[in-house]
Protein chains: 2
Amino acid sequence: MPLVSNVLRPFAALDDTDRAILAELSANGRLANNALAERVRVAPSTCLARTRALRESGAIRGFYADVDPAALGLPLQALVSVRLTEHARAAVDAFRARSVRLPGVVSVFHVAGAEDYVLHVRAASAEALRDFVLDHLAVDPAVQHTQTSLIFEQARGLG
Amino acid sequence: MPLVSNVLRPFAALDDTDRAILAELSANGRLANNALAERVRVAPSTCLARTRALRESGAIRGFYADVDPAALGLPLQALVSVRLTEHARAAVDAFRARSVRLPGVVSVFHVAGAEDYVLHVRAASAEALRDFVLDHLAVDPAVQHTQTSLIFEQARGLG
DNA sequence: GGTGAAACAGAGACGCG
DNA sequence: CGCGTCTCTGTTTCACC
């Protein structure tokens with residue numbers, strides 16, 4: 001196992017065009033290749049090749065629609081902090097693998113500090129949120145402690 | 001000002017087709033209308049009208065590329081909990097408006113509980129992260145206290 | 001690596017059941 | 001409302017610089 005984390009391995013150096021493409025697409029994932037090419041000042045075919053390379057290198061991980069959770073009948077959101085009982089790699093990895101598959105889980109953050117994980121979850125109601133925590137987390141022997149903070153509002157930053 | 005938050009206003013009831021469209025697009029925001037129509041079992045023109053209606057009703061808030069922050073030279077991510085000095089609406093709203101515009105801020109969560117805000121931020125280095133907190137948060141008179149948790153890993157959930 | 005033109009596919013408008 | 005057809009725009013390939 002390498003001592004240096006993969007996360008620190010630099011990407012093939014991105015030039016200004018690549019960075020401009022990433023900026024445009026993170027603000028508007030459905031921008032047409034034509035329009036994107038015009039904004040970043042290259043020909044459409046060049047732009048297409050760049051964008052494809054960015055996708056294949058992993059710089060672009062995917063494209064997603066931002067769906068209002070309220071529309072899906074999940075008006076509540078919460079951040080649930082989770083502390084595990086043990087911190088061996090196997091236990092930690094297993095918890096992450098399990099938690100991303102739980103219903104309503106938007107994002108799973110493995111964090112340093114007093115807590116081990118922070119789960120961003122959506123729920124239909126306060127009862128559903130309670131049930132989520134009780135049925136999926138509290139019963140998990142790997143979970144020592146959870147703390148749930150209801151999200152009043154979420155705003156998207158600029159990056 | 002209404003006593004009942006806008007967030008609680010129900011959307012025009014969505015049927016199974018609408019929900020299927022939302023599910024497909026949140027998993028793959030660039031799915032072509034043709035392919036989307038086939039998956040949700042309606043004609044392309046119908047699918048297009050549905051999707052447009054979902055965008056206009058606000059059920060779909062936008063489309064975004066998920067860019068690996070490491071590719072942008074921002075390999076570090078953190079969750080920064082922020083407690084404010086006062087909790088009057090004006091102060092709280094102002095903080096949110098300010099924080100979403102700060103460089104590196106991905107998302108701002110206004111939460112219930114001991115903390116008032118949780119900021120999901122990206123940074124180029126540990127020093128940059130420290131500078132972000134010191135220069136933008138610690139000096140803010142509205143901010144009473146912050147706590148920074150480095151993110152080791154983030155995984156995207158299904159729901 | 002970047003470009004332009006040419007073949008191809010998808011988006012979007014409209015009139016009909 | 002949902003559907004099929006039509007046009008038009010954007011995508012993608014490829015030979016060339």
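Just so it is clear: chains get the letters A, B, ... in the order the sequence lines come, proteins before strands, and each one is counted from 1.
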key: Basic-acidic side-chain contact under 4.0 Å: B/D16, B/R41   = no
ask   = Picking from C/dG2, D/dG4, D/dG2, which would you name as closest to the side chain of A/R50?
value = C/dG2
key: Interatomic distance where CG belongs to B/D15 and P belongs to D/dC1 [whole Å]   = 10 Å
task = Report the distance from atom CD1 of A/I21 to atom C1' of C/dG1, rounded to the nearest whole Å.
result = 13 Å
request  = Return yes if the base of C/dG1 and the side-chain atoms of A/T46 contain a donor-acceptor N/O pair under 3.5 Å, otherwise no.
outcome  = no
ask   = Does atom CD of A/Q144 have more than 12 heavy-atom neighbours, drawn from other residues, nucleotides or ligands, at distances under 6.0 Å?
value = yes
ask   = Rounded to the Å, how far apart are A/R30 CZ and D/dT9 C1'?
value = 15 Å
query = So which one's nearest nucleotide on DNA chain D is more toward 5', A/A35 or B/S45?
reply = B/S45
key: Between D/dT11 (P) and B/L31 (CG): distance, integer Å   = 15 Å
task = Measure the distance from CG on A/L14 to P on C/dG1 and round it to the nearest whole Å.
result = 14 Å
remark   = Among C/dG4, C/dA13, D/dG4, the one nearest any side-chain atom of B/A43 is D/dG4
query = With a 4.5 Å heavy-atom cut-off, do B/V67 and A/L25 have their side chains touching?
reply = no
ask   = Are any of A/R52's side-chain N or O atoms less than 4.0 Å away from OP1 or OP2 of D/dT13?
value = yes
query = Can you tell me how far P of C/dA11 sits from CG of A/N33, to the nearest Å?
reply = 14 Å
ask   = Taking atom P of C/dG1 as reference, at what distance in whole Å does atom CG of A/L54 sit?
value = 13 Å
task = Check the distance between D/dT11's C1' and A/L48's CG and give it to me in whole angstrom.
result = 7 Å
note = Nearest heavy-atom approach of A/P103 to A/F132 is O-CE1, 3.5 Å
